[in-house]
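Computation of the quantities below employed the complete heavy-atom set of this structure, encompassing side-chain atoms and omitting hydrogens, waters and symmetry-equivalent molecules. In this text, all values refer to a predicted model and were calculated from it rather than measured experimentally.
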Amino acid sequence: MLDTFLVSAVLTILTIRVYLKAANYPQVGGRGLHVAHVLWGGLGMVIAIVILLAFLGSRTQKMAAVIGGIGFGAFVDELGKFLTSDNNYFFKPTPALIYSIFVALFLATRQIRRMRRLTPEENLVNAIELSKEIALEHLSAPERDRALTLLAASDQSNPLVAELRQQFLRAPTVEERPSRIAGMARRGERRYVALVATRWFHRLVAALFILQAASVVLGTLAVVVLGVALLTGLLNAGTANTELGPGGPETIVQAGASLIAGVFTVFGVFALRRNRLRAYRWFEVAVLVSLLLAQPFTLLDAGFAGLAEVFIDGVLLVTLRYMIVQEHQLAAHGGETAFVLGTA
């Protein structure tokens with residue numbers, strides 16, 4: 001539900017920005033009135049709250065997550081107006097601030113999930129929550145299996161556990177009919193899995209990170225050479241500033257994050273020939289450093305145009321995590337994780 005909320009909000013922001021740019025930023029209202037889309041965002045969040053308070057069932061929760069995400073996306077998109085005295089929608093730091101908000105929300109939701117294991121009482125309460133689907137005659141097979149798993153982890157001495165287990169085992173299940181969008185997503189996922197499973201794709205990803213590591217090494221050497229030239233008097237400060245660019249706090253932090261990500265990438269490249277799984281782990285850390293440290297400052301400088309780099313890093317992260325899962329499955333079946341370029 002939390003993932004659905006966040007994805008819905010992100011897609012809403014992107015849709016609003018693309019539409020406003022294409023339509024040359026029209027305004028709803030006139031004669032001194034302007035109906036900002038932050039109001040529509042508030043309406044969406046109110047509708048989501050009413051749905052959660054007034055209706056039962058997981059399907060209404062999913063609906064509320066989507067509508068609430070749309071509302072939150074429309075709300076936070078107007079952040080720049082409420083941080084500036086002149087209500088500047090185009091306030092330059094806005095993309096970086098919005099990105100940081102979503103990163104913080106994403107990390108918080110992950111922490112909530114991993115904070116601790118459910119107690120036997122909490123497992124039972126969650127199973128009782130799923131039992132509403134029996135009364136509504138909306139119980140699906142995955143929901144029944146989830147409920148039985150929760151009951152298995154509950155206190156077996158509680159008489160409710162045995163009774164609920166029998167209720168779930170006897171209850172008829174309904175077949176979930178995936179929507180057209182869900183069907184398209186599953187077909188896309190299958191194609192993606194087939195692509196990532198090929199050997200040439202693994203080689204392509206390795207080559208990409210090798211090139212990135214080489215660029216980091218060459219860039220570091222260039223900075224060292226310029227620094228030495230500056231210290232020895234072979235280069236004046238004005239020329240060095242032109243070569244290195246402005247040295248403001250944002251630039252320094254972004255350069256430092258990029259350097260750290262580059263170092264992890266180099267570690268991954270050196271690990272490729274010995275252990276493919278370890279190499280993918282290093283690459284994953286490098287991408288995370290880029291997403292969490294470097295990209296906010298990229299957006300601060302480039303605005304929403306910097307989202308292209310965020311998208312590329314996101315695709316790389318998803319790809320690497322799938323490849324890591326593949327390596328774990330290979331190891332579980334007694335496969336080798338050693339990787340020699342050109343032979344694997």
Side-chain angles (χ1 to χ4, degrees), residues 1-23 25 28 35-82 89 94-114 129-130 133 138 140 142-143 146 176-189 192 291-292 295-296 299 303-315 317-318 321-322:
M1 299 298 178
L2 292 171
D3 286 344
T4 299
F5 173 83
L6 292 177
V7 171
S8 178
V10 170
L11 291 177
T12 299
I13 293 175
L14 296 177
T15 301
I16 289 174
R17 291 282 171 165
V18 170
Y19 167 74
L20 291 179
K21 178 69 174 177
Y25 300 95
V28 178
V35 183
H37 53 266
V38 67
L39 299 177
W40 300 111
L43 177 62
M45 289 187 284
V46 168
I47 292 173
I49 293 172
V50 170
I51 290 174
L52 291 174
L53 294 177
F55 300 96
L56 299 175
S58 61
R59 286 162 181 78
T60 56
Q61 287 184 318
K62 293 175 184 177
M63 184 187 303
V66 172
I67 296 175
I70 292 173
F72 181 70
F75 168 81
V76 79
D77 182 65
E78 298 246 52
L79 184 63
K81 284 188 175 182
F82 302 99
Y89 179 70
T94 299
L97 292 172
I98 293 175
Y99 180 81
S100 299
I101 288 172
F102 277 101
V103 167
L105 288 173
F106 176 80
L107 295 177
T109 58
R110 289 300 180 273
Q111 185 61 30
I112 290 172
R113 295 177 186 177
R114 300 172 182 174
E129 183 69 22
L130 282 171
E133 301 301 319
H138 289 162
S140 66
E143 288 172 335
R146 171 66 176 157
E176 289 187 326
R177 295 181 179 180
S179 64
R180 184 174 299 178
I181 296 177
M184 293 173 59
R186 290 180 182 178
R187 288 193 294 271
E189 181 181 358
Y192 167 77
L291 277 170
L292 300 179
Q295 295 303 344
L299 292 172
F304 279 95
L307 286 175
E309 294 184 29
V310 175
F311 176 77
I312 293 172
D313 279 347
V315 171
L317 182 63
V318 172
R321 286 189 170 172
Y322 179 77

Smallest heavy-atom separation, I16 atom then A74 atom, equals CD1-CA, 3.8 Å

List the steps and the verdict of side chain to side chain contact (heavy atoms under 4.5 Å, CB included) for V38 and K81.
CA-CA 10 Å; V38 67; K81 284 188 175 182; over 6 Å; no

Partners of F72 by ring-ring contact (aromatic ring centres under 6.0 Å, His included), sequence neighbours excluded?
F5, F102

Scanning both residues in full, the closest heavy-atom pair of P296 with A96 reads O-CB, 3.1 Å

Between I51 and I67 the two heavy atoms that sit nearest each other are CD1-CD1, 3.8 Å

Heavy-atom side-chain contact between Y99 and L291 under 4.5 Å
yes

Between OH on residue Y89 and OG1 on residue T94, distance to nearest 0.5 Å:
9.0 Å

Quick one, L6 and L2 - any side-chain contact, counting heavy atoms below 4.5 Å?
no

Of all heavy-atom pairs linking E78 and H37, the shortest is OE2-N, 3.0 Å

What residues, two or more places apart in sequence or in another chain, satisfy ring-ring contact (aromatic ring centres under 6.0 Å, His included) together with F311?
none

Rounded distance [0.5 Å steps], CG in L292 versus CZ in F106
9.0 Å

Could you go through the side chain to side chain contact (heavy atoms under 4.5 Å, CB included) check for L317 and D313 one step at a time?
CA-CA 6 Å; L317 182 63; D313 279 347; over 6 Å; no

Please give me the minimum heavy-atom distance between S8 and G69, naming the atom from each residue.
OG-C, 3.6 Å

Between NE2 of H138 and CG of L130, what distance do you get to the nearest 0.5 Å?
14.0 Å

If I take atom CG from residue L20 and atom OG1 from residue T15, how far apart are they, to the nearest 0.5 angstrom?
10.5 Å

Begin with the C-alpha distance, continue with both residues' side-chain angles, and end with the deciding distance and a verdict on side chain to side chain contact (heavy atoms under 4.5 Å, CB included) for V10 and L14.
CA-CA 6 Å; V10 170; L14 296 177; 4.2 Å; yes

In sequence, state the C-alpha distance, the side-chain angles, and the governing distance for D77 and R17, and then conclude on side chain to side chain contact (heavy atoms under 4.5 Å, CB included).
CA-CA 8 Å; D77 182 65; R17 291 282 171 165; 2.7 Å; yes

Side-chain heavy atoms of L107 within contact of V103, under 4.5 Å:
yes

CZ on R146 to CD on E133, rounded to 0.5 Å:
14.0 Å

